[in-house]
Each structure stands twice: as structure tokens, then as C-alpha cells.
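Here the structure is laid out as C-alpha cells; the discussion comes afterwards.
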Number of protein chains: 2
Amino acid sequence: MSWRKDQGRAERGYHHGNLKEALLQAALDLISKKGPAGFTFADAARMAGVSPAAPYRHFRDRDELIASIAQRGFEQFESLLTQAWDDGRPDTVSAFERVGKAYLAFAREEPAFYSAMFESGLPVDSNPTLMAASERAFAIIRAAAERLAALAPPGTPRPPAMMMALHIWSMSHGVASLFGRGDAARRKLPMSPEDLLEAEVLIYLRGLGFLTDRNPGTAAADEKPAGPWGKPK
Amino acid sequence: MSWRKDQGRAERGYHHGNLKEALLQAALDLISKKGPAGFTFADAARMAGVSPAAPYRHFRDRDELIASIAQRGFEQFESLLTQAWDDGRPDTVSAFERVGKAYLAFAREEPAFYSAMFESGLPVDSNPTLMAASERAFAIIRAAAERLAALAPPGTPRPPAMMMALHIWSMSHGVASLFGRGDAARRKLPMSPEDLLEAEVLIYLRGLGFLTDRNPGTAAADEKPAGPWGKPK
DNA sequence: GGCTCATGTAAAAGCCGTTCACATGAGCTG
DNA sequence: CAGCTCATGTGAACGGCTTTTACATGAGCC
């Protein structure tokens with residue numbers, strides 16, 4: 001266990017010693033509990049055991065704290081996507097799907113980061129650092145799409161990788177936003193968000209002419225192709 | 001022009017006469033300008049020319065006002081989608097695409113409604129009326145999907161309409177959320193959100209085995225099918 | 001040991017949401 | 001038209017939040 005300077009709790013001198021980190025941590029807790037709107041600067045200060053003015057030594061204002069969190073979120077997001085993509089191993093298509101699942105997993109398991117990144121109403125493009133982090137995360141999807149595009153069946157026009165990447169991103173984001181977080185306020189589904197997204201991506205890839213059936217022995221668009229949404233009995 | 005009780009501006013007696021409506025209107029203005037988080041109850045009251053306590057005669061609290069706006073938003077949304085769908089005229093596929101475009105148009109032209117409906121962090125399922133309005137809007141997409149599913153090419157398994165509807169919804173919502181509003185903070189695109197979504201939907205429909213080429217004379221998945229994202233030169 | 005500057009505090013101003021007792025006057029009742 | 005009533009608006013007040021300012025503390029360096 002960590003020992004000293006635990007959570008701002010225990011006896012500490014005039015100086016906190018690690019306030020910036022403690023504030024970020026507290027903010028994450030609060031945002032995941034009450035959403036980015038419900039989070040207050042004062043609460044975070046209280047949780048860290050300092051006065052309401054102390055945070056201003058580390059963040060220009062409340063928005064900058066949220067931006068910092070979004071920043072870290074994009075970094076973790078990038079790392080998660082990179083790991084999921086795993087440079088296309090063992091095969092491009094299944095790695096591609098893993099990326100979609102990772103997107104959903106991130107939205108579900110890190111709702112505070114996800115909120116800060118996508119739902120906080122921050123002007124993303126006004127903050128170059130933040131923008132860059134977001135671009136780096138998207139670049140993973142972009143790279144994956146590039147590799148996939150290169151596999152386009154011969155004889156068919158090669159789809160633009162950028163467009164594919166944007167499509168995949170919007171699907172993942174749409175599913176995550178609408179149905180992603182179990183706890184919060186959403187809608188009942190006949191299937192899990194993961195399955196929903198997987199079917200969506202598979203149908204989309206098939207629309208591009210990729211072989212997406214589980215058993216890659218068969219050609220696409222032949223006699224009675226099985227639907228990617230599950231076999232009929 | 002309207003004449004009396006104009007905008008809360010002019011001389012009015014002790015009673016406003018139409019405060020509820022004026023508040024909703026003011027809130028719409030404010031939300032579209034500063035986002036649902038930036039909107040304040042007091043500001044709306046000021047804009048309507050009444051004291052900060054007056055709104056409480058019409059709304060239990062700030063959240064109820066936002067919920068009212070979301071409610072109206074869903075109603076307008078439903079009506080817009082209904083109109084776009086036009087009962088599947090002149091043909092199912094093109095009507096289906098019109099629905100997608102209508103989704104984007106709504107997000108762009110009514111950002112305040114859109115924010116209140118999808119980005120305000122309201123617990124949608126805690127408000128039965130709101131939930132019902134949202135269901136009615138989704139029902140349009142659902143009905144369109146149903147009609148489309150019935151057109152599935154013979155010999156192929158018929159896709160579940162509910163799943164199709166959820167897919168289309170998530171695509172539309174994803175594109176709208178990520179790239180939808182021109183003014184606000186988003187990302188640069190190599191194509192318009194409308195074109196992006198149209199291509200996405202067409203590829204998806206093709207993946208389901210529908211004939212989506214512009215010229216419906218040709219069968220799908222034949223020699224050198226043209227990509228739905230635009231012809232190569 | 002003493003200086004300096006980053007870091008934290010206290011106090012205050014201004015805003016917001018919300019409540020409560022009270023004021024007003026629109027519309028009904030007779 | 002007189003009078004009553006109740007929906008609707010007001011003013012003042014409370015507590016909380018954000019942010020600023022002047023001041024306090026003490027960690028790190030000479």
C-alpha cells in the first residue's frame with residue numbers, strides 16, 4: 001500500500017506535497033460519480049484536504065482541470081487502442097474488431113475520462129495540446145483502417161482509409177454514447193452494446209467487400225451467406 | 001409581426017402573461033449560445049424581464065426546464081423524421097437515407113434542442129414522459145428499418161429490423177456528435193458530415209445485401225461494383 | 001543560518017439556485 | 001360593479017461555488 005501523503009487525509013504540514021495529482025484523482029472520482037457538470041472545484045479541494053483557493057496554484061481555472069483530465073484520458077485511450085490493435089495480429093480483421101471493443105470498454109470502464117473527453121463541452125480545438133492528444137488516439141484507428149484498406153479484394157475499388165476510419169469511429173462513438181454506460185441513463189437493448197457494435201462493423205466491412213464470415217474459407221456474397229448478426233436456427 | 005407581450009421587453013404589468021413560453025424561448029437561445037452547462041436559470045429570468053424567483057412558478061427547478069426543452073426537442077425531432085421518411089416514398093432506400101440526413105440537419109439546425117436531448121446529462125429514463133417522447137422518435141427509425149428489412153433480397157436471411165434501426169441510429173448519432181455542429185468545437189473532415197453519413201449507410205446497406213447503387217439496374221456484388229463513396233476517375 | 005519563491009490560507013466579491021413570506025391583479029361569483 | 005381567491009410575480013435571504021487578493025508557511029538553495 002502507499003503509505004505517506006495518502007489521500008490528503010492524514011496529518012500533513014502546510015504544504016500538501018502532491019496536490020496537483022490529488023486534485024486530478026479527486027476530480028476523476030467526482031466526475032465518475034456525478035458527471036462532468038456535477039463536479040465542483042471546491043469539492044475536489046475539500047477531498048484533497050486543502051482550501052478552495054489552493055487549486056488555483058495548479059490550474060488556471062476549473063476548465064483547465066477538466067482539460068487536463070481529458071488530456072490524460074486521450075493518452076490512456078491511445079495506449080488502450082494501440083494495445084488492442086496490436087499491430088494487426090493475428091489477422092487484420094479480428095484486430096480491427098478488437099479496437100472497436102476496446103473503444104466500448106474504455107467508455108464503460110473509464111466513464112470519467114470518457115465524459116471529460118467527449119461530453120464536457122470543452123472547446124477541443126482551442127487547446128492545441130488536447131487536440132494533438134486526440135489526434136494521436138485517432139491515428140491508431142486511422143492506421144488500422146489503412147491496413148484494412150490494403151486488403152481490399154482485388155477487382156474492387158480500394159476504399160479511402162480516412163473515410164473508413166471516420167466511419168468506424170462514428171459507429172463506436174455512437175454506440176458508446178447511446179448505449180455505452182450501464183449505470184447511467186440510457187435505453188434497454190435486445191443485445192449487448194458489444195454485440196451490437198460487432199455486428200455493425202461486420203456488416204459494414206462486408207459492404208466494402210471484405211470477407212468477414214467467421215470461417216474465411218467461403219467467398220463473400222454467394223449462395224445464402226449467413227448474417228453476421230448470428231445464425232438463424 | 002407579433003405586437004403585444006413581445007419579448008418580455010416592453011412595459012408589462014405585474015404579471016407577464018406568457019412567462020413559461022418566454023422562459024423556454026430564452027433557454028433555447030442561451031443553450032444554443034453557451035451550451036446546456038453554460039445556461040443559467042437566472043439568465044433566462046433576466047431575459048424574460050422577471051425576477052430570479054419567478055421561474056419557480058413554472059418549473060420545479062432548472063433541470064425541469066431543461067427536461068421540458070428536451071421533451072419539445074423529441075417532439076420536433078419525431079415530426080421531422082416522420083416528414084423525412086414520408087412513409088417510404090418514393091422508394092424505401094432513398095427515403096431511408098433522407099431520414100439519416102434529417103438526423104444531421106436537426107443536430108445542426110437545432111443545436112439547443114439536440115444538446116438538451118442528448119448532451120445535458122439528464123437521466124432520461126427517470127422521466128416517463130420524456131422517455132416516451134424519445135421512444136416515439138426512435139419508433140420512426142424502427143418502422144423505416146422494418147420496411148427496409150422486408151425488402152431483403154430473396155435467398156438471404158432477413159436482418160432483424162430492431163438491430164438495423166439501432167445501427168442506423170448509432171451511425172447518425174455518432175456522426176452528429178463528433179462532426180455535426182459546424183460552429184462548435186469539433187474536427188476537420190475531408191468531406192461533409194452528410195456525405196460521410198450517406199456513404200456509411202450505403203456501405204452498411206450493401207453489407208446487408210441491399211442494392212444501393214445509384215442506378216438500380218445492376219445487381220450487387222458483381223464485377224467491379226462502384227464504391228458508394230464516389231466513383232474513381 | 002538566512003533568503004526566496006512555490007505553495008497554501010483567509011477573506012471577500014459576485015454569481016447562482018432555491019425558498020419563503022408577501023404583493024398584485026385576472027377572473028369568477030353574486 | 002364589489003369583493004374574493006388564487007395563480008403568478010417580488011424581495012430578501014441562505015448557502016454554495018468560482019475566482020481574486022493580500023498574506024502565511026516552509027522546502028530548497030546559498
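Note that this is a predicted model, so its numbers are computed, not measured. Residue numbering restarts at 1 for every chain, and letters A, B, ... go by the order of the sequence lines.
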Please find out if less than 6.0 Å separates the ring center of Phe74(A) from that of Phe113(A).
no
According to side-chain hydrogen bond (donor to acceptor under 3.5 Å, both in side chains), who are the partners of [X], at least two apart in sequence or on a separate chain?
X	result
Glu64(A)	Arg60(A)
Gln76(A)	none
Glu146(B)	Arg142(B)

Short side-chain N/O contact from His58(A) to OP1 or OP2 of dA6(C), under 4.0 Å
no
Starting at CD of Glu21(B) and ending at P of dT8(D), how long is that distance when rounded to a whole Å?
14 Å
Using atom CG of Asn18(A) as one end and atom C1' of dA6(C) as the other, report the distance to the nearest whole Å.
15 Å
Run the salt bridge (charged side-chain N to carboxylate O under 4.0 Å, His left out) test against Glu109(A) and tell me which residues pass, sequence neighbours left out.
none
With Glu110(B) via salt bridge (charged side-chain N to carboxylate O under 4.0 Å, His left out) - residues at least two apart:
none
Who pairs with His167(A) by ring pair (Phe, Tyr, Trp, His ring centres under 6.0 Å), at least two apart in sequence or on another chain?
Tyr204(A)
How does protein reach along nucleotides 25-30 of chain D, written 5' to 3' as B (base within reach of a heavy atom under 4.0 Å), S (only sugar-phosphate), or - (no contact)?
BS----
Can you check each nucleotide of nucleotides 17-22 of chain D against protein heavy atoms at under 4.0 Å and return B for base, S for sugar-phosphate only, - for none, in 5' to 3' order?
SSBB-B
Please list all pairs passing the ring pair (Phe, Tyr, Trp, His ring centres under 6.0 Å) test where one or both residues lie in residues 49-68 of chain A, with sequence neighbours left out.
Phe41(A)-Tyr56(A)
